[in-house]
Number of protein chains: 2
Amino acid sequence: MQTAQSVLVHFPCANDCSGSVSRPEPTSTDVAQLAGVSQSAVSRAFTEGASISEAKRARVIEAAEQLGYRPNLIARSLITRRTGIIGLAVGDLSNPFYSQLIYKLSEKLQQRNFHLLLFTVPDRANSDDLLEDVINYRLDALVLTSTEVSSHLGARLQERGIPVVLINRTTEDTASSSVASDNEFGASEVARFLVKQGHRRLAYVAGIQNTSTNIERERGFLRALASVAGVTVQHISGDYDVHKSLSVARELFDGENAGPEAIFCANDMMALSLMDALRYNLNLRVPEDVSVVGYDNIEPAAFSAYQLTTYSQPIDEMVDAAVELIVERVSSPGSAPRQIRLRGELVVRASVGVRHPSSADTSAHPSSAASA
Amino acid sequence: MQTAQSVLVHFPCANDCSGSVSRPEPTSTDVAQLAGVSQSAVSRAFTEGASISEAKRARVIEAAEQLGYRPNLIARSLITRRTGIIGLAVGDLSNPFYSQLIYKLSEKLQQRNFHLLLFTVPDRANSDDLLEDVINYRLDALVLTSTEVSSHLGARLQERGIPVVLINRTTEDTASSSVASDNEFGASEVARFLVKQGHRRLAYVAGIQNTSTNIERERGFLRALASVAGVTVQHISGDYDVHKSLSVARELFDGENAGPEAIFCANDMMALSLMDALRYNLNLRVPEDVSVVGYDNIEPAAFSAYQLTTYSQPIDEMVDAAVELIVERVSSPGSAPRQIRLRGELVVRASVGVRHPSSADTSAHPSSAASA
DNA sequence: TTGTATGCGTTATCAC
DNA sequence: GTGATAACGCATACAA
């Protein structure tokens, strides 16, 4: 023990000898020499379930600790052809849904000895750089959460045998695994709930047009409403951009026609900022004057200032499923990709009010005085 | 071109041949063979500033594209002893300050061909696992943003020549580089501002006790107030935990003595949730009944529902500085660690009101009726 | 400039 | 169970 410490402390030139710091990285050969065994024995001592006697393993471990030896995973991966590193492409981290997702994903993967290599993909970025890096590092798999990654990237990686797992995103390409919530069903639940609460003039604030999340939520919402008599739906694009909420709010209540009684936003972030715009810029009350619903159930949705009604994504189950998909495809390269859908649930909070259709149409829409 | 495609498409067994998928990973030797050059020539063709003729390089590049060859960075790092991978230990990602920080850090590092390997460090976790992994992967450096990492970890890595960079965190250990805002100065600015606005009964909601951020902010706040006559400061611990805000609020306004006129929270997340508790549980108005100030200037602080006055962290400058520190220490191992302090600025919003000391003491504190 | 030979640190394949 | 030896894919010192 003491020996180990002194070995570690007494490395040459403790201060700033610029240029060449010759610190000794102990290798398995060094350990073998000290323990008086072969280098292969050292390797086996650090390999789970390898064929080695307990006595010898103990000797090796002790020598290793003395030298501060740790097996070099990089060198190991060169021959095992598995790095234990999984790429993660993320877009907007200002949405807590994604930051929570990657935190939990990383946590669960670490438990299974995998780690995430982060790739930030700016909106509209050329994803070719990402492709290159993923290949160059020989990553075990790539997880895509970004909405802005071209789908041909997935195809290219598939060709090279690198599994691709999509989270909160789907694609027609069946070569990629995916985990997503049942957006269409969730949105239809929102629609039914709003109708049941007596709302008739509805609005949908869309996310980025060509994303699977937006397409599915929009479809679920509109289809569920199509069969209900007397319901109108205003469609407006929000692009998952919280900074567009004010203009969205103004467009919804532009004074020409009566504003909506209830608004469904394609995600919570837009819903929260829309609530702010409605309340503090248009001087409308939520839910008395207008109801608001989101999707995701991010933490801020539960804040007292918002009390946002929303459809939750089962984030823990989604992460668990993703981990299974990853491990499955990495450990058995022949396994086929799978697409998984999980259902969340409607979380009813105070941002949705009740309408009485008989009297609501006139009293519901007060003077929508705009302000700065 | 067409040849390249057909090569890529025609790899054996396109479907699920379980078990052994024998896909051909082209190596530099393969490329060399096709291009009719030596393997080292291929290596040189992909090495910036290597000594090779343009003609030969062109031949190599073309052959490489035909085969879909990409240099294996893992194998390369075995020789260069640099992986281009930097460890990032993160704690609580539900705080947007950190999610924003790591996004920008990743972005900037990618521009310089570095990537971040994510390590989630659960609160109070044993950081030994982290230590092991960082060493095992031979990471170029480790960035610590988590508040919960023991400082002996830094020392251990330092011993092995792995640079450690702390962000939003400091330590006595001068072996680690660090970037942090001038917490003490910032907090003193908050104190001076509150006094100037006429507040006299103040309160400090502390973060986790032994963290450098909390220690410094607390010290700055209290020292600046120590010299001001007639000022009282109530101290209460919040542990950077948003779920404790309700009990914090109740303790501050427990009815025995007059509640504070202004509250400084050690970070924005606590300030926001405290505002909620004050408004919706204690039925107090902010800022009319009580003022609230935070620290960080996270995005939600600007939301209309909160309009939180706060002291900003210069996050872009902090990231830039961190990148410099990292690159500097990685590229020249002899360079000495540096500690950097950056100043933010007070961001005044509506969560702080003005008191008139002459009449404030009685009228300022209405019936603090508690509720559910 | 170019090719040959060697080594990076490890696991895998053999014989024993 | 154990030890030699050959890969893994690449960069580099050296000779040409």
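Chain naming here is simple, since letters A, B, ... match the order of the sequence lines and numbering starts at 1 in each. Treat the numbers as computed from the prediction; the structure is a model and nothing was measured.
For A:Arg81, the listed nucleotide lying nearest its side chain is D:dG9; candidates were D:dG9, D:dG3, C:dT10. Of all nucleotides listed (C:dT10, D:dG3, C:dT2), D:dG3 comes nearest to the side chain of A:Ala41. In this structure, of C:dG7, D:dG1, D:dT2, it is D:dG1 that holds the atom nearest to the side chain of A:Ser51. Picking from C:dT11, C:dC8, C:dT4 the nucleotide with the shortest atom distance to the side chain of B:Leu78 gives C:dC8. Comparing D:dG3, C:dG9, C:dG3 by their nearest atom to the side chain of B:Lys56 picks out C:dG3. Minimum atom distance to the side chain of A:Gln39 is reached by C:dT10, of the listed D:dT2, C:dT2, C:dT10.
The shortest distance between the side-chain N/O atoms of B:Thr29 and the OP1/OP2 oxygens of D:dG9 is not below 4.0 Å. OP1 or OP2 of D:dA11 has at least one side-chain nitrogen or oxygen of B:Ser43 nearer than 4.0 Å. Distances shown here put every side-chain N or O of A:Ser53 at or beyond 4.0 Å from the OP1 or OP2 atom of D:dG1. Between B:Ser38 and C:dG3, a side-chain N or O to OP1/OP2 separation shorter than 4.0 Å is present.
The 5' end of DNA chain D is approached more closely, in terms of each residue's nearest nucleotide, by B:Ala75 than by the other of B:Ser40 and B:Ala75. Between A:Asn72 and B:Arg57, the residue anchored nearer the 5' end of DNA chain C, judged by the nucleotide with its closest heavy atom, is B:Arg57.
If you measure from atom CG of A:Leu73 to atom C1' of C:dC8, you get 15 Å, rounded to the nearest angstrom. In this structure, B:Tyr137 atom OH and C:dC8 atom P are separated by 23 Å, rounded to whole Å. Going from atom CD1 of B:Ile52 over to atom C1' of C:dT2 covers 9 Å, rounded to whole Å.
A pairwise comparison of heavy atoms in B:Pro26 and B:Gly68 identifies CG-O, 3.8 Å as the closest pair. The two atoms that bring A:Thr83 and A:Tyr137 nearest to each other are CG2-O, 3.8 Å, heavy atoms only.
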### Task
I would like to know whether B:Thr120 and A:Gln110 meet side chain to side chain donor-acceptor pair (under 3.5 Å); could you show each step before the answer?
CA-CA 8 Å; B:Thr120 48; A:Gln110 272 179 212; 3.1 Å; yes

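Counting any heavy atom pair closer than 4.0 Å across all strands shown, B:Tyr69 reaches sugar-phosphate atoms only and no base atom.
For B:Arg44 against C:dG3, a side-chain N or O and a base N or O form a donor-acceptor pair under 3.5 Å. Below the 3.5 angstrom threshold, one finds no donor paired with an acceptor across the side chain of A:Arg70 and the base of C:dG9. Donor-acceptor pairing under 3.5 Å, judged by distance alone, is absent between the side chain of A:Thr80 and the base of C:dA12.
Counting only N and O atoms by type, the side chains of B:Ser178 and B:Gln339 include no donor and acceptor under 3.5 Å apart.
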